[in-house]
Amino acid sequence: MPELPEVETTRRGIEPAVSNAVLTDVQVRNPNMRWRTPTRALKKLIGQRIVSLQRRAKYLLLGTESDTILLHLGMSGSLHVLPTQCPPGKHDHLDLEFDHKTLVRFNDPRRFGCCLVLKEPVQQHKLLAGLGPEPLSDEFDGGHLKMLAKGRRVAVKNFIMDGRVVVGVGNIYASEALYRAGIRPGIAAGGVSAVRYSGLATAIKDVLADAIRAGGTTLNDFSQADGKPGYFRHELQVYGREGQPCLSCSEPIRSRFIGQRNSYYCSICQR
DNA sequence: CAAAGGTCCTGCTCGC
DNA sequence: TGCGAGCAGGACCTTT
């Protein structure tokens, strides 16, 4: 579920609760996430202060005075800020408790998410090394896409969902950005011109920024740290709109599987 | 029953 | 024939 806007929305949502807070307890109810949650390593951090809260790609990084707690929400995860005595429900696999009687609760039905404890230097960890640029940074632009696309035959949609190319673009926003840029999702990445990549980079930045502004997209599981849904679902122009008229030309939106994932596009507006 | 927002890993194919 | 890069598919899980 959570793509970059949802993770960024979550980061902003938990920031008041964790920033400068002292970790007072850790509850691991089910460590069987994508990778086993390191209960002992987490418990060793009790008593430490959270000194930073960053997002890199779709990873949340809670910096303590010694180590960094890495969280990934996988496909169905969410974090909520709750009072400490709040009874846990189904799929509430992890609680991080802080002073001021608040806790951050990690709920993840599919358990594709993870929680790890990273030693410094964090950026050299296997999961973080080799990640492409942040899409909202100046480092990311059409020239970057054009350079990496040289000779690549993969569909441009798969190309922009590749974290080594650019991070944070998942299935929803890939379709949305390609629609905004007027590019068909199935064409080969290597065949897209520099001019069109420039437009695509801008479209990616715009759609992600718009989605963050709306608090992310809620389809099923996702909700913000305060439990409210994200409202970008109402602004999706193609994702999930198969058969409905294109908002620009009224042609019915089509869907097609590209690389195992459903893609949505307008056959008139996207070439 | 199939499919759902992610992404790491394995193994195949292709071209040099 | 061997090698590396690129690419497709499987794997991880539960819920609707």
Side-chain angles (χ1 to χ4, degrees), chain A residues 1-11 29-37 55-60 70-79 89-94 106-116 125-132 135 147-178 185-191 204 207-208 211-212 214-224 229-236 238-242 255-264:
Chain A
M1 115 183 27
E3 301 185 34
L4 186 146
E6 292 73 39
V7 179
E8 179 59 26
T9 295
T10 299
R11 191 194 68 77
R29 296 191 194 81
N30 185 352
N32 299 309
M33 305 298 290
R34 174 155 199 186
W35 294 289
R36 192 170 184 83
T37 302
R55 177 190 56 73
R56 173 70 176 112
K58 296 170 191 167
Y59 297 101
L60 286 171
L70 173 147
L71 294 169
H72 194 290
L73 302 179
M75 207 116 149
S76 57
S78 55
L79 298 181
K90 207 175 182 185
H91 309 306
D92 286 339
H93 307 308
L94 168 71
F106 187 2
N107 178 284
D108 186 4
R110 290 175 75 179
R111 282 189 277 124
F112 286 2
C114 68
C115 173
L116 299 173
H125 188 273
K126 189 170 63 171
L127 293 175
L128 301 179
L131 287 178
M147 182 179 61
L148 290 184
K150 189 173 162 64
R152 299 285 305 273
R153 293 189 213 173
V154 272
V156 63
K157 173 161 177 274
N158 292 343
F159 177 67
I160 60 171
M161 289 175 67
D162 182 343
R164 291 164 300 186
V165 173
V166 58
V167 300
V169 181
N171 202 37
I172 295 176
Y173 299 111
S175 278
E176 292 296 315
L178 288 163
I187 65 174
I204 289 171
V207 73
L208 294 178
I212 290 171
T217 300
T218 295
L219 294 180
N220 294 311
D221 306 311
F222 179 73
S223 57
Q224 303 188 43
Y231 297 103
F232 196 70
R233 185 158 75 99
H234 307 295
E235 295 179 48
L236 295 175
V238 286
Y239 188 89
R241 294 192 64 244
E242 183 181 9
S255 81
R256 192 192 136 196
F257 271 85
I258 298 170
Q260 322 291 96
R261 313 294 294 276
N262 215 344
S263 307
Y264 299 87

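None of these values were measured; they are calculated from a predicted model.
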Distance, rounded to the nearest Å, where A/Met33 contributes CE and B/dT7 contributes P: 14 Å
Specify the residue among A/Gly151 and A/His91 whose closest nucleotide of DNA chain C lies further upstream toward the 5′ end. A/Gly151
Residues in side-chain hydrogen bond (donor to acceptor under 3.5 Å, both in side chains) contact with A/Thr37, at least two apart in sequence or another chain: none
Contacts of A/Thr218 that satisfy side-chain contact (heavy atoms from CB on, under 4.5 Å) - sequence neighbours left out: A/Phe222, A/Pro229
All salt bridge (charged side-chain N to carboxylate O under 4.0 Å, His left out) counterparts of A/Arg29, not counting sequence neighbours: A/Asp95
For nucleotides B/dA3 and C/dG9, find the distance between their P atoms and express it as a whole number of Å. 14 Å
Rounded distance (Å) that lies between atom C1' of B/dG6 and atom CG of A/Leu131: 13 Å
Sequence neighbours left out, what passes side-chain contact (heavy atoms from CB on, under 4.5 Å) with A/Val165? Give chain and number order. A/Leu145, A/Leu148, A/Phe159, A/Asp162
Can you check whether A/Tyr173 has a side-chain N or O nearer than 4.0 Å to OP1 or OP2 of B/dG6? no
Between A/His72 and B/dT7, is there a contact of a side-chain N or O with OP1 or OP2 at under 4.0 Å? yes
What nucleic acid atoms does A/Arg34 come within less than 4.0 Å of, heavy atoms only: base, sugar-phosphate, or nothing? base
Take the protein atom CE of A/Met161 and the nucleotide atom C1' of B/dA4, then report the distance between them rounded to whole Å. 13 Å
Paired stems touching DNA chain C, three or more consecutive Watson-Crick or G-U pairs with both distances under 3.5 Å? B:2-4 with C:14-16, B:6-16 with C:2-12
List the residues meeting side-chain hydrogen bond (donor to acceptor under 3.5 Å, both in side chains) with A/Tyr264, not counting sequence neighbours, and say none if there are none. A/Asn262
Could you work out, with side-chain contact (heavy atoms from CB on, under 4.5 Å) as the rule, every residue matching A/His72, not counting sequence neighbours? A/Lys58, A/Tyr59, A/Cys114
Between C1' of B/dA4 and CG of A/Asn262, the distance in whole Å: 10 Å
A/Lys126 or A/Arg110: which one's nearest nucleotide on DNA chain B is closer to the 5' end? A/Arg110
Applying side-chain hydrogen bond (donor to acceptor under 3.5 Å, both in side chains), can you list everything that pairs with A/Asn158, at least two apart in sequence or on another chain? none
Could I get the full list of side-chain contact (heavy atoms from CB on, under 4.5 Å) partners for A/Val156, not counting sequence neighbours? A/Leu178, A/Ile183, A/Ile187, A/Val192, A/Tyr197, A/Leu200
Whole angstrom value for the distance that separates P of B/dC8 from CZ of A/Arg261: 13 Å
From the list B/dG5, B/dC8, B/dA4, which nucleotide is the closest neighbour of the side chain of A/Phe257? B/dA4
Whole-Å distance between B/dA4 P and A/Leu73 CG? 20 Å
Taking A/Glu242's backbone N and O only, do any of them form a donor-acceptor pair with A/Ser255's side chain (distance below 3.5 Å, no angle check)? no
Under a 3.5 Å distance rule, please check whether A/Glu6 uses its side chain to pair with a backbone N or O of A/Glu3 as donor and acceptor. yes
Need one value for A/Tyr59: base, sugar-phosphate or nothing, where a base atom within 4.0 Å counts as base even if backbone is also close, heavy atoms only. sugar-phosphate
Can you give the first and last nucleotides of DNA chain C, 5' to 3', that have an atom under 4.0 Å from a heavy atom of chain A? C/dG6 to C/dT15
Using whole Å, what does the distance between atom P of nucleotide B/dT7 and atom CG of A/Asp108 come to? 13 Å
By salt bridge (charged side-chain N to carboxylate O under 4.0 Å, His left out), which residues pair with A/Arg11, not counting sequence neighbours? A/Glu8, A/Glu15
What does the B/S/- profile of nucleotides 10-16 of chain B look like, 5' to 3', with a 4.0 Å heavy-atom cutoff to protein? -------
Provide the distance between the two C1' atoms, one in C/dC7 and one in B/dG5, to the nearest whole Å. 23 Å
With a 3.5 Å cut-off and no angle check, do the side chains of A/Asn107 and A/Lys90 form a donor-acceptor pair? no
Let me know the distance between CG of A/Asn171 and C1' of B/dA4, rounded to the nearest Å. 10 Å
